[in-house]
Amino acid sequence: NTVPYNTVYPYPGSQTLYANGYSPSLLEVTDGDFTSLSIPEDLLGRLDVTSTKGFVQGSTADPFDSKTLVFRHILSKVNFYARLGEIPAERYFRDVKVTVNGNKRLTKNIKWNYETKAWQAGETISVDILWTGSDENENQMDPNEIDPRTIGSVYIHPGQASITFDIELEMSETATFDSYETIRSTATVGFENPSGTAIELDAGEEYDINITILYDSFVIKGNKALWQDGGKIPLPFYPN
């Protein structure tokens with residue numbers, strides 16, 4: 001029951017106004033004129049940054065009420081999942097973690113493109129900042145689980161052909177994990193389309209990486225996924 005685009009100010013006479021948006025609003029203005037917006041360092045790789053393309057316009061004679069801003073994803077998205085495969089009965093596993101080094105991989109800002117009239121991914125970070133995803137289920141993993149455990153999703157700079165990540169988990173000989181050892185490994189997955197052809201992951205594209213844990217190894221498979229349309233979602237609009 002809110003009025004879209006309500007800034008609490010009346011339309012300025014007969015002038016036409018133009019609206020463009022980005023999300024989330026916590027992006028930081030870095031140049032003072034809203035042509036570059038930075039992603040907070042503690043949220044690098046964790047924000048689904050979206051924006052509108054072009055403008056919608058409104059005036060007293062043609063109010064914004066009937067207009068809709070359509071947002072699109074600016075970054076690429078990689079989802080990590082893990083499950084148990086064939087393992088000896090006396091082995092127990094838990095606490096899967098995946099770590100991605102964001103250097104040259106995570107987007108640090110978005111920039112305004114005057115030609116396309118849209119925001120786009122700007123530059124990547126050039127230092128070692130780690131993104132980590134972990135299994136929120138603290139119980140030991142069960143090979144009979146139907147669905148894999150969700151480890152996390154990292155938002156990466158578009159146009160990349162692969163991703164390298166570290167895997168870590170705990171293994172014990174007892175179900176109570178009185179003592180355990182930490183298993184670590186590193187893997188690189190090249191992005192492919194369903195036919196097996198190498199691709200670069202573009203803005204708005206999503207990739208699933210499934211990690212199967214065996215007794216002494218990992219099996220890792222990836223597949224390109226469809227980023228599901230969220231539909232029309234009513235959100236509050238706070239103009240600057």
A.B. asks: Among Val49, Val29, Asn109, Leu26, exactly one meets side-chain contact (heavy atoms from CB on, under 4.5 Å) together with Leu37. Which residue is that?
C.D. replies: Val29
A.B. asks: Looking at Ser76 and Asp202, would you say the former's side chain and the latter's main chain have a donor-acceptor pair under 3.5 Å?
C.D. replies: yes
A.B. asks: Report the C-alpha separation of Glu41 and Lys108 in whole Å, then their side-chain angles, then the decisive distance to 0.1 Å, and conclude whether the salt bridge (Lys or Arg N to Asp or Glu O under 4.0 Å) test is met.
C.D. replies: CA-CA 8 Å; Glu41 184 174 312; Lys108 73 175 183 179; over 6 Å; no
A.B. asks: Is there a side chain to side chain contact (heavy atoms under 4.5 Å, CB included) between Ile213 and Val96? Walk through the geometry before answering.
C.D. replies: CA-CA 10 Å; Ile213 302 162; Val96 179; 3.8 Å; yes
A.B. asks: Taking the side chain as every heavy atom from C-beta outward, state whether Asn223 and Asn210 have any atom pair closer than 4.5 Å.
C.D. replies: yes
A.B. asks: Does the Lys NZ or Arg CZ of Arg149 fall within the cation-pi geometry relative to Tyr81 - under 6.0 Å from the ring centre and within 45° of the axis?
C.D. replies: no
A.B. asks: Evaluate the side-chain proximity of Asp95 to Asp135: yes if any heavy-atom separation is below 4.5 Å, no if none is.
C.D. replies: no
A.B. asks: Can you check side chain to side chain contact (heavy atoms under 4.5 Å, CB included) on Arg184 and Leu169, steps first, answer last?
C.D. replies: CA-CA 7 Å; Arg184 297 181 176 87; Leu169 74 158; over 6 Å; no
A.B. asks: Locate the shortest heavy-atom distance separating Gln15 from Ser59; write the atom from each residue and the value.
C.D. replies: O-CB, 3.6 Å
A.B. asks: Return the minimal non-hydrogen interatomic distance between Glu192 and Tyr207, and the atom names on each side.
C.D. replies: N-OH, 3.1 Å
A.B. asks: Between Leu69 and Asn20, which heavy-atom pair has the shortest distance, and what is it?
C.D. replies: CD2-CA, 4.4 Å
A.B. asks: Tell me yes or no: between the side chains of Ser36 and Thr30, is some donor less than 3.5 Å from an acceptor?
C.D. replies: yes
A.B. asks: Answer with yes or no whether the side chains of Asp62 and Gln57 bring together a donor and an acceptor at under 3.5 Å.
C.D. replies: no
A.B. asks: Can you find a pair of side-chain heavy atoms, one from Ile167 and one from Ile220, that are under 4.5 Å apart?
C.D. replies: yes
A.B. asks: Keeping the roles fixed (side chain from Ser172, backbone from Thr174), state whether a donor-acceptor pair exists under 3.5 Å.
C.D. replies: yes
A.B. asks: What heavy-atom pair brings Met141 and Leu84 nearest, and what distance separates the two atoms?
C.D. replies: O-CD1, 3.3 Å
A.B. asks: What is the ring orientation for Tyr22 with Phe34, classed by angle as parallel under 30°, tilted 30 to 60°, or perpendicular over 60°?
C.D. replies: tilted
A.B. asks: Counting N and O atoms only, with roles assigned by atom type, does the side chain of Asn113 sit under 3.5 Å from a partner on the main chain of Lys117, one being a donor and the other an acceptor?
C.D. replies: no
A.B. asks: Are more than 12 heavy atoms from other residues, nucleotides or ligands located less than 6.0 Å from atom CD of Glu90?
C.D. replies: yes
A.B. asks: Is there a side-chain contact between Val154 and Leu106, using heavy atoms and a 4.5 Å cut-off?
C.D. replies: yes
A.B. asks: What closest approach, in Å, do Pro158 and Ile74 show between heavy atoms, and which atom pair accounts for it?
C.D. replies: CG-O, 3.7 Å
A.B. asks: For the CD atom of Glu173 and the OH atom of Tyr180, what is their distance to the nearest 0.5 Å?
C.D. replies: 15.0 Å
A.B. asks: Do the non-hydrogen side-chain atoms of Glu123 and Lys111 ever get within less than 4.5 Å of each other?
C.D. replies: yes
A.B. asks: Could you check whether any side-chain heavy atom of Phe64 comes within less than 4.5 Å of a side-chain heavy atom of Leu17, counting everything from C-beta outward?
C.D. replies: yes
A.B. asks: Could you check whether any side-chain heavy atom of Tyr92 comes within less than 4.5 Å of a side-chain heavy atom of Glu170, counting everything from C-beta outward?
C.D. replies: no
A.B. asks: Sub-3.5 Å donor-acceptor pair from the side chain of Thr186 to the main-chain atoms of Asp166, do we have one?
C.D. replies: no
A.B. asks: Do Phe191 and Val78 have side-chain heavy atoms sitting under 4.5 Å apart?
C.D. replies: yes
A.B. asks: Please lay out, stage by stage, how Lys224 and Glu206 fare under the test salt bridge (Lys or Arg N to Asp or Glu O under 4.0 Å).
C.D. replies: CA-CA 6 Å; Lys224 193 170 183 292; Glu206 184 174 6; over 6 Å; no
A.B. asks: Can you check salt bridge (Lys or Arg N to Asp or Glu O under 4.0 Å) on Arg83 and Glu145, steps first, answer last?
C.D. replies: CA-CA 8 Å; Arg83 69 187 314 152; Glu145 290 176 345; over 6 Å; no
A.B. asks: Would Val98 and Trp131 satisfy side chain to side chain contact (heavy atoms under 4.5 Å, CB included), going step by step from the backbone distance to the final call?
C.D. replies: CA-CA 8 Å; Val98 172; Trp131 170 92; 4.2 Å; yes
A.B. asks: Donor-acceptor check, side chain of Thr60 to backbone of Gly13, threshold 3.5 angstrom: yes or no?
C.D. replies: yes
